[in-house]
Amino acid sequence: MTQELPPRLEPRAIEPARYRAWQDGGYFHVSASAVLEEGREPFVIVIPPPNVTAALHMGHGLNNTVQDVLIRWRRMQGRATLWVPGTDHAGIATQNVVERQLATEGLHRDDLGREEFVERVWEFVTETGGTILDQLKAIGASCDWERTRFTLDDDLRRAVREVFVSLYEKDLIYRGEYIINWCPRCLTALSNEEAEGEETQGSLWHLRYPLPEDAWGAAADARKAGAESVGQLDDGRWYLTVSTTRPETMLGDTGVAVHPGDGRYEGLVGANVELPLTGRTIPVVADHHVDPEFGSGMVKVTPAHDKNDFEIAGRTGLELLDVMTPDAHMSDAAPEAFRGMERFEAREAVLAALEDEGFVAGTDAHTHSVPRCYRCGTVVEPRLSEQWFVSMKPLAEPALEASRNGEVTFTPAHWKKVYEHWMENIQDWCISRQLWWGHRIPVWYCPCGEQIVSREDPTACPKCGGEALEQDPDVLDTWFSSQLWPFSVFGWPKETDDLKAFYPGHVLSTAPEILFFWVARMIMMGYEFMGETPFRHVYLHATVRDKYGRKMSKSLGNGIDPLHVVEELGADAMRYTIVSQAAVGTDISLDHENVEAAFANGRNFANKIWNAGRFALMGLGQGPVRALADVGDDLRLEDRWILSRVAAAGDEATRSLERFRLHDFAEGLYHFFWGEVCDWYLELVKSRLADDADARSKEAARSTLVTVLDRAFRLLHPVVPFVTAELWSRLPWPEGRSRPADLIVADWPSDHESWGDEAAEGSFRDFQSLVVEVRRLRKEYGVGEGQRVGIHLWGGPDDFGDVIESLGGALDQLARVDRVEAEPSSGVGAHAVLPNGAELFIPLEGVIDVARERARIEEEVGKLEGLLAGVRARLANQQFVENAPEEVVAKARENGAQLEDQLAKLREKLAGLRA
RNA sequence: GGGCGCUUAGCUCAGCUUGGUUAGAGCACCUGCCUUACAAGCAGGGGGUCGGGGGUUCGAGUCCCUCAGCGCCCACCA
C-alpha cells in the first residue's frame, strides 16, 4: 500500500529490517564452491580488522563504507564477492584498557599474575569484542559474518606459529641485544613504527669534559687548529665540549668520539677525559660516523642509551653502561646522588650539578623530533635490551618489486613513492613485546642452554632430554599476526578450498597511517608464504577531520559517532555524505559541532530519492506495466531522452568505480538523479500519468518511469543501499521480465549501447535551455507565477519547431507558455537569444502592466542613480580618498562599479519595454 | 636533512593525467513560491584577476621555473 509511505524518509523504519532481510537471505555469504565449482570470478576484500576493544569512529565509517560500495557493486556484477570481517587482538591497546580497569579496582596486573590476567582480558574481549562488528552492520556493511575471524583464533595461532618458525628456520628471525625503542610506561619494546616522532621545542646543552694534564698540550694544539670546542677553564684545566639533548644520559657515557680524519683532534684521540659527576674517565675514540662538519665535530658516546652510540661502541670497543631502570629511573649504575630519580628529574639534577662545577658551556634552543609511544604517548627511551627481530631486507625485495612492476597499485598514486622509499630503507623489525596479551613467542629455553623453536609445544629438550623447559615470556607485536590476515583468515597453513578460491584478494582499503605498520608487511608476507601479492590494489582513504582541519580524535573530543548519525539521519545519509566527499587524495572535513548540517547533503539526497520513489509508486497506479519494447512506438522525446541519460549515467558510474573515483561516482549519480530524473523527467511525466485520455502516452510513460527508476536504483544502491532497496522492492515490474529476488543481487546495468540516443539528447537540451530562458525572463520582468504567456521563437536548428511541438504541453507545464509562434516579433516585451541560436521574444503588452513595470524600473533607476551620485561625490572628495581607511575607499569604488552595472541592466530592460 | 603533497567562490572541496565553449559542486547568501513526490522542497539570482612572479604556447586554473604560506611522511646529526 503505497499510501503508507510517509513524505519524509524515516531511516529507522526501514534500515534495520532491510539489513536483516539481506542477512537472512544469505546474500553476504559466498562459498569456495562458487569459484572452484561454478567457475565464477571472485572479488575479495579482507577487512582491516578493527581493534577488538574499539568503538566505531568516523574513520571506520568512511573506510567500511568505501569497502561496502566496492563490494556491493561487484556483487551486482555477478562476481563471487566476499568481504571477510574480523577483529584484531591489539596487544598493547587491549592490555592497556584492561590494566586501566584493574587500576580502578586498585589492582595491578602483577597482583593477578599472568594466567589470571590473560583470563581477565579474554573475559573482557568476549563481553565487548563483538560491539564494533555490530556497529558495522548499522552502517550497512555487507560482510560475510559467517567468516568472522579474530587474530587469536586457533587457526590464526597456527598461522602465526608456522610463520615464526619458518622465518626462524630461514634465518630471517634472530634474537639479540640491541638498542630498541622502549616505552617506560607500557614496559615493553616497540617497533620503529610504534615510536612516533613529535616535533618538540627542546634544548641542546653544551657540556664540558675536563682533559687530563697529559693531554693539555694536544688540547692547545687542537685549539690552534681551530677547534673552538676545546678550551680552558678558569682554573687552567683544558676541556672538551660535547652537546646533548638528554643530559641525564651523560652518566652513561663511556667515550667521546671524533672523526678519524679530523686533523684538529688528531692528538686527542686516545686521551682519557674526565667524566664529570661520576669519577670515571672515558677515552676519546675515532669513528667515521662522526660528522666533522656538524657542531663541534665531537660527540659524547652513550652506547646503552643511543642507537648510533651503540654502533660506535661496537666498532671501537667502548663499554656498554646502562644507567636506567626499565621504568626510566636512574639505576644503581648511576652515581649515588642520582639513583632512583625519574629521568626528567635526573636531567634537571645533572644539569644543576654540572652548572655548579662550571661544566655547562651553554644552551641552545633546539627543535627536534621526540619519539613517543603510539599507544600511551610516553616519551620512548632508547634502551639496550635483548629482543627478537625479523630481518626485513630479504622480505622487502619482492614486495618492492611488486610496486615497481605494477603488480600492486595504489590510489592515490603518489603513495607508491612513499611505499617504495620506505621499502628501500627498511630496517629490521623488533617483534617481541614484554606484554601478556598476544601470541606467545614459540621458543623454549632449557637450563642446558638449548633454545627450542618449535611448531609444537615441546615436552623435553632434544639435546639433554631435560623437561624443565621455560617458554619465552614475551608475546609478538600485534602486527605480526595482522600481517598474515589475508591468508590466515582462509585457514593457512592448511591448503583449504577457501584459500584456493579467495587468495589473492583484490582491494585493500585502509588509512594511510598504517601503510607501513600493516599494508607493507602484508605484501611482504604474501610473497614470502603464498608466492604472490595478497591484493592487487591498495586504496588509501581520506583522513576525517573536523571543520578546523584537525584530525578527529578521542583526545580532542572532536569526533563524530557514526552510530549517532545513523540513528538521527540514517546510514544512507552518512554513506552518501562521506563518499561524495572522498575525492582521491584529499581529506574530509565534517563539522562535529553541527552534525545535522555536516550530513545534510546526504540526508537531503536520501530523502529526495525517497520522494521520487513515493511519487512513482503513487502515480503508476495498480495496473500492469508493459515492457519497454512493447511501447517502443509510443515513446516520446522525453522518454527517449531519459533512457539515453540513464544509460550514460550507468557508463559513467561504472567508469568511476573502476578507477576508484568514488567521489565522482556518488556525485555523478546525484546530479543525474536529482537534476535530470527529478527536476525534468518526473515533472514532465506527471501530467501523462494523470491523463487517462491518452492511454498510449500514459503506458509509454509508465514503462519508461519504471525502467528508469529500476536502473537508477541499481546504480545508486552501492552508496545508498537502504532507501534504494526499499523502494525497488515496491516498484511495479514490467510484464515479461524476470525480477531478481532483491536489489542487492540485481544485475549491474551494463547493456547500455542500445539505449543511447544522441538525437533525443540534443533536442531535449534545446528544449531545456528554452524553458530556463523563459523562466528567467518571466522572473526578471515580474510576470506572475500562474500567468500564462505566449512566445515567439524563430531561427535556430531546423528541427527546433518539431521539438517544441512535440513538447508543447510540457512547455506549458514547466514555463507556463500556452502559445508558440514561429514568426519573428518585436515590440514591447523581453528578448533573448538561446544557446542554439534561436531567438526568443515574449510580448508583455497586456501580460504585465507595462506602464507600471516601467514606472517601477524607472523608480529603481532613480534610486540607484541617487546612490551612485552619492558614491561618486564621496570619491570625488580628495579629503575622503586621502584620509579614509583604504578598505573603506576600496569598498566605495566597488559599490560604484556595482551600481553602474545594475543601472546598465535596468536601462536595457527599460529600452525593451519602450520598444 | 631528505621525500611527497596542498594553495580555485564566505566555508569545504572537484577540475590539472591528455592545455581549447561562459572554471563547477555541496553548504552558506539574496529574491519569489506552503504548485497535492519532496519546504530536508521548487523556480530564479549574486559571488572567483584559480597563492605571488616569470616562462613555454595562437591559447595556461591545467605544462615548466621561481618565491611565499600550509600540511604529511621518512631520517641516528649529537
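Throughout, protein chains are lettered first and strands after them, A, B, ... in sequence-line order, and every chain is numbered starting at 1. All values reported here derive from a predicted model rather than from experimental measurement.
Under the 30°/60° scheme for interplanar angles, the aromatic rings of A/F410 and A/Y419 are found to be tilted.
With sequence neighbours left out, A/E773 forms a side chain to side chain donor-acceptor pair (under 3.5 Å) with A/R776. Listed by chain and residue number, A/S191, A/W422, A/F516, A/F517, A/R521 satisfy the side chain to side chain contact (heavy atoms under 4.5 Å, CB included) test with A/E193 (two or more places apart in sequence, or in another chain).
In this structure, A/L682 reaches the bases: a heavy-atom distance under 4.0 Å links it to at least one base atom across the strands shown. Using a 4.0 Å heavy-atom distance criterion, A/R8 is classed as a base contact. Counting any heavy atom pair closer than 4.0 Å across all strands shown, A/D679 reaches sugar-phosphate atoms only and no base atom.
Look at A/R404 and A/E424 and you find a salt bridge, because one of the NZ, NE, NH1 or NH2 atoms lies within 4.0 Å of a carboxylate O, short of that distance.
Here, B/C42 and B/G5 have their C1' atoms 42 Å apart, quoted to the whole Å. Between B/C58 and B/C67, the distance separating the two P atoms is 28 Å to the nearest Å. Going from the C1' atom of B/C16 to that of B/A23 covers 12 Å, rounded to whole Å.
A centroid separation of less than 6.0 Å is found between the aromatic rings of A/Y670 and A/Y576.
The base of B/C38 sits within donor-acceptor range of the side chain of A/K608, with an N or O pair under 3.5 Å. Applying the 3.5 Å distance criterion, the base of B/A43 shares no donor-acceptor pair with the side chain of A/R775. Between the side chain of A/H421 and the base of B/C73, no donor-acceptor pair of N or O atoms lies under 3.5 Å.
Judged by distance alone, the side chain of A/N607 and the main-chain N or O of A/L9 form a donor-acceptor pair under 3.5 Å.
When the side-chain nitrogen and oxygen atoms of A/H366 are compared with OP1 and OP2 of B/A78, one or more of them lie within a distance under 4.0 Å.
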Heavy atoms under 4.0 Å is the rule here; annotate nucleotides 21-34 of chain B 5' to 3' with B where the base is hit, S where only the sugar-phosphate is, and - elsewhere. ----SS----BBS-
